[in-house]
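See structure below.
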Number of protein chains: 2
Amino acid sequence: MRISSRGEYGVRALFDLAQHYGEGPIPLKQIAERQDVSDHYLEQLMGALRKAGLVVSVRGAQGGYELARPPEAITIGDVIRALEGPVLTVYGAQAETERAETVDSPERLALVETWKKLSQRVNEVLDSVTLAHVCDEAARMKARDDSFMYHI
Amino acid sequence: MRISSRGEYGVRALFDLAQHYGEGPIPLKQIAERQDVSDHYLEQLMGALRKAGLVVSVRGAQGGYELARPPEAITIGDVIRALEGPVLTVYGAQAETERAETVDSPERLALVETWKKLSQRVNEVLDSVTLAHVCDEAARMKARDDSFMYHI
DNA sequence: TCCAATTCCGAGTAAATCAATCGAGATTTC
DNA sequence: GAAATCTCGATTGATTTACTCGGAATTGGA
């Protein structure tokens, strides 16, 4: 149950794009540098994010990436699901749904229902935070820093 | 963000023990058979669950495992954390907290805060379901089955 | 007292996944 | 046309996962 580097770097990258939303396409190299991620690796991730419809890309010189939707409309859950697959799937899940015979006893059904419910609620949690929220938080942090500076 | 076999099998095993709570120690072999898990593998998991204080074991003949607390007092989160480590840790988390220099910019702080908050809320979700709840669900499923049988 | 039923423990292993890296190509602006 | 970009697929080393195996220690009962 951990967030892998794909998820973490992806969120960092989209947060970066959120902070530059409206400024036109941002080249990947800039993002990679600011967020301290290998640009070759980030390339892979951006490919997945593009296919998931979270970013749009502009090729060629002066090209780059930008958010496909405003930061208010992209959630952490969107990013995680795009990069790490469905959230809180259980080990045998797809195997079991294929051969429907195994899901029959009330005990198994109860477990399946439990995982389904938990998965839904975890998704709700991850979808309750948008990129815009993270930007707000960063602004708040920055304001705190500044006021601290002022009082010295 | 998936639940590995450790988590899934562990929940199955403890659910099994919950259904036999109060009947004295249940041998691992029975659990493994009922829950369709390799007994050697389950042994490993039970070791971890014992060290986490979720089950107690009785060695020797007529021995086995039982829940250390009533099913109402053990959550899915307890099981997952015992078997898969802390929930929703992010990739670089421990590395970053060690060298405190990296966590400094308002942007990084905002991300750290975001992950912390999300992690806390995911834990709350996982802790909102107890083994007793799963047993209740199973009972409900069983009742539905029975009433279906009756109406044929 | 011995035996059968158990838990306990550590080592080993094949497969999958992860985290990158690399290189060659396609596209666009200047 | 040259430089700046994105695009795509292959490769690789490290780590994790999901087991398996063998044997030691413990206990209840015949």
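Numbers restart at 1 for each chain; the letters A, B, ... are given by sequence-line order, proteins then strands. In this text the structure is predicted, and so the values were computed from the model without any measurement.
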Listed nucleotide nearest any side-chain atom of B:Tyr65, set C:dC8, D:dG28, D:dT7: C:dC8
Interatomic distance, B:Leu45 CG vs D:dT20 P [rounded to whole Å]: 12 Å
hbond_proxy B:Gln44 side chain to C:dC9 base (donor-acceptor, 3.5 Å cutoff): no
Side-chain N,O (A:Ser38) to OP1/OP2 (C:dA20) below 4.0 Å: no
Length of the line joining A:Met46:CE and C:dA20:P, which is rounded to integer Å: 17 Å
Distance-only donor-acceptor test, A:Glu43 side-chain atoms vs D:dC6 base atoms, 3.5 Å: no
Distance, rounded to the nearest Å, where A:Ile31 contributes CD1 and D:dT5 contributes P: 12 Å
Closest-nucleotide 5' rank along DNA chain D - winner of A:Gly60 and A:Lys51: A:Gly60
OP1 or OP2 of D:dC6 under 4.0 Å from side-chain N/O of A:Arg50: no
Side-chain donor/acceptor contact of B:Arg59 with base of D:dA25 under 3.5 Å: yes
Min side-chain heavy-atom separation B:Gln19-B:Arg34 under 4.5 Å: no
Whole-Å distance separating the NE2 atom of B:His40 from the P atom of D:dC19: 14 Å
N/O (side chain, A:Ser4) to phosphate O (OP1/OP2, C:dT17) under 4.0 Å: no
Nucleotide C:dA5, atom P - distance to CD1 of B:Ile26 in whole Å: 17 Å
side-chain contact (heavy atoms from CB on, under 4.5 Å) against B:Glu72, all qualifying residues, sequence neighbours excluded: B:Pro70, B:Ala132
N or O in side chain of B:Tyr9 less than 4.0 angstrom from D:dA18 OP1/OP2: no
Distance below 4.0 Å between B:Ser57 side-chain N/O and C:dC8 OP1 or OP2: yes
Spacing of CG belonging to A:Leu118 relative to CG belonging to A:Leu88, to within rounding of 0.5 Å: 6.5 Å
Interatomic distance where OH belongs to B:Tyr41 and P belongs to D:dA18 [whole Å]: 5 Å
Any donor-acceptor pair under 3.5 Å from B:Arg6 side chain to B:Glu84 backbone: no
Residue closer to the 5' end of DNA chain C, A:Asp39 versus A:Val58 (nearest nucleotide): A:Asp39
Atom pair SG/CZ of A:Cys135 and A:Arg140 - distance to nearest 0.5 Å: 11.5 Å
Distance, rounded to the nearest Å, where A:Leu83 contributes CG and C:dT17 contributes C1': 15 Å
Protein-nucleotide distance (A:Arg6, atom CZ; C:dA20, atom P), rounded to Å: 11 Å
